[in-house]
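All values derive from a computational prediction rather than experimental measurement. Lettering follows sequence order; numbering is per chain, from 1.
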Protein chains: 2
Amino acid sequence: MILSTKGRYGLKIMYELALNYGKGPMSLKEIALRQQLSETYLEQLIVPLKKTGLVTSVRGAQGGYELIGKPDEITVGEIIRTLEGPLAPSECVLDDDPECTRAEYCVTRLIWERIMEGINNVVDSITLDDMVKDYYMLKQKKEGEK
Amino acid sequence: MILSTKGRYGLKIMYELALNYGKGPMSLKEIALRQQLSETYLEQLIVPLKKTGLVTSVRGAQGGYELIGKPDEITVGEIIRTLEGPLAPSECVLDDDPECTRAEYCVTRLIWERIMEGINNVVDSITLDDMVKDYYMLKQKKEGEK
DNA sequence: TGAAATCCGACTTAAAAGGTAGGAATTAAT
DNA sequence: ATTAATTCCTACCTTTTAAGTCGGATTTCA
C-alpha cells in the first residue's frame, strides 16, 4: 500500500514551493537539490500539478514554479490525488464500476468505502501551511537543543 | 493507491470463512465459486493467512479452511496487513529506515505518519463480524423491497 | 480405490514503476 | 546579440511487481 514516488516526490515539490511562497519562482533544479531527487524526473511530475492548476510556471532564466493558491488552501489530498489518481482501495468504489452488482450483496464494497472515506478525511485535513508550520516547529525545537 | 488483489481477494476469503464460521471447513473451491475468483490463485493467498495463524486447514476430501479466531476478534487491518505488508504510505515511516535522517527535518515524514495512523485506525476498527452483520442487514433490506 | 481436497514450487505474461536522454523554445542577465 | 538558465515535450529504457497458470505430490473421506 505504499504510495508511488509520484505522490511522495510530488508532495515534496509542493512543500518546497510552499516554503518559498511569496518569494518568486523556484526552479526544479533547486527543489531537486534540496530534496536530493532527480531533476529530470521531477519534470515529469510537475506536469499534472500544473495541469490541475496547483502551480504556475515562469519560463526562461531565473524562471521556475510557484504555487497558485495560498498554502493554507492547498491540501495534501489534492496533491496526492492529482499524482496518484483517486485514493480508493478498490476500483469498485469509483463512481461507475459496472462489475459491482454482485450476488454477494457486495459487503466488501462497504468496507472499501469506509476505508476510502477514512483516508481522504485524513489527507484532506492537512494543508501545505500545516507542513510549513511543522517545519518551523522542528527548526525551533532543534535550535533549542543546542 | 489501489490495493492489490492479494488484499482484496484475501478479505473476500476471510469474509466467506466468517459467514461459514462454526459450520466446519469450507473449501477454496466453494469460496472461489461464490466470489467468482480463480481457485488456484486463492491457493497462493491463503498461505500467508495460514502462516499468520488466522486460518487453519483440514486436508483431504471434505476438507477446507476455517477461521481460528472468532469473527469479532479478527480485524480487516490484520488481514490486509498480512497480505499487503504494512499499511504505510512511505517506507520511511517503517521502524528502521536509515535514509531518513535528512536536512529537511523530514516534514513529509510527519505527514506520512499521520496518514498511516489514519488508515490503520480505520481498518483496525472493522472486524469480520461487522461484515457478517452488514451481510444480514443488506439481505433483510433486500427482502423488504420485494 | 477413487475423488476431493490441501500443499508446493516453478513458470509466465503484461503492466507499472522509476526513471534517462535529447533537444526545442523561452527569457533574464551580460 | 549572445549566453546561460530554465521550462517544455516526446520518446525510450530497465527492473520490478501484479496477477495469475500449471503440474504434480500428498492427504483423507466415502
Nearest-Å distance for atom pair CD/P, residues E43(A) and dA21(C): 13 Å

Option passing side-chain contact (heavy atoms from CB on, under 4.5 Å) with L54(B) (candidates L17(B), I46(B), T82(B), L67(B)): T82(B)

N or O in side chain of S57(B) less than 4.0 angstrom from dT6(C) OP1/OP2: no

Touch class at under 4.0 angstrom, heavy-atom based, for V58(A) against every strand present: sugar-phosphate

Side chains of K50(A) and T56(A), donor plus acceptor under 3.5 Å: no

Residue pair T5(B) / Y41(B), side-chain donor-acceptor N/O under 3.5 Å: yes

Atom-to-atom span, CG of L37(A) to C1' of dG18(C) - whole angstrom: 12 Å

Residues from residues 20-29 of chain B lying under 4.0 Å of DNA chain C - heavy atoms: S27(B), L28(B), K29(B)

Nearest-angstrom distance from the residue atom CD of Q44(A) to P of dA21(C): 13 Å

5′-ward residue of the pair S38(A)/G60(A) relative to DNA chain C: S38(A)

L42(A) CG - dG19(C) C1' separation (whole Å): 11 Å

Side-chain N or O of K6(A) closer than 4.0 Å to phosphate OP1/OP2 of dG18(C): no

d(OH, Y9(A); C1', dG18(C)) in whole Å: 8 Å

Base dT26(C) to side chain R59(A), donor-acceptor N/O within 3.5 Å cut-off: no

Joint hydrophobic cluster, L94(A) plus L3(B), side-chain heavy atoms closer than 4.5 Å: yes

Main-chain N/O of G7(A) paired with E84(A) side-chain donor or acceptor, under 3.5 Å: yes

Selection residues 61-81 of chain B - residue pairs positive for salt bridge (charged side-chain N to carboxylate O under 4.0 Å, His left out), sequence neighbours left out: R81(B)-D124(B)

Of the listed nucleotides dG18(C), dA4(C), dT20(C), the one nearest the side chain of S4(A): dG18(C)

Interatomic distance where CD1 belongs to I46(B) and P belongs to dC8(C) [whole Å]: 13 Å

Protein-nucleotide distance (E30(B), atom CD; dT6(C), atom P), rounded to Å: 11 Å

First-last contacting nucleotides on DNA chain D - partner chain A, under 4.0 angstrom, heavy atom: dA5(D) to dA11(D)

Given dT6(C), dA10(C), dT20(C), the nucleotide with the shortest approach to the side chain of Y65(B): dT6(C)

Whole-Å distance separating the CG atom of L33(B) from the C1' atom of dA5(C): 15 Å

N/O donor-acceptor pair under 3.5 Å between N20(B) side chain and G24(B) backbone: yes

hydrophobic_cluster_shared for I13(B) and L19(B), side chain cutoff 4.5 Å: yes

Side-chain heavy-atom pair P89(A), R8(B) within 4.5 angstrom cut-off: no

K50(B) side-chain N/O to dC7(C) phosphate OP1/OP2 under 4.0 Å: yes

Sidechain-backbone polar pair: S57(A) side chain, R59(A) backbone, donor-acceptor under 3.5 Å: no

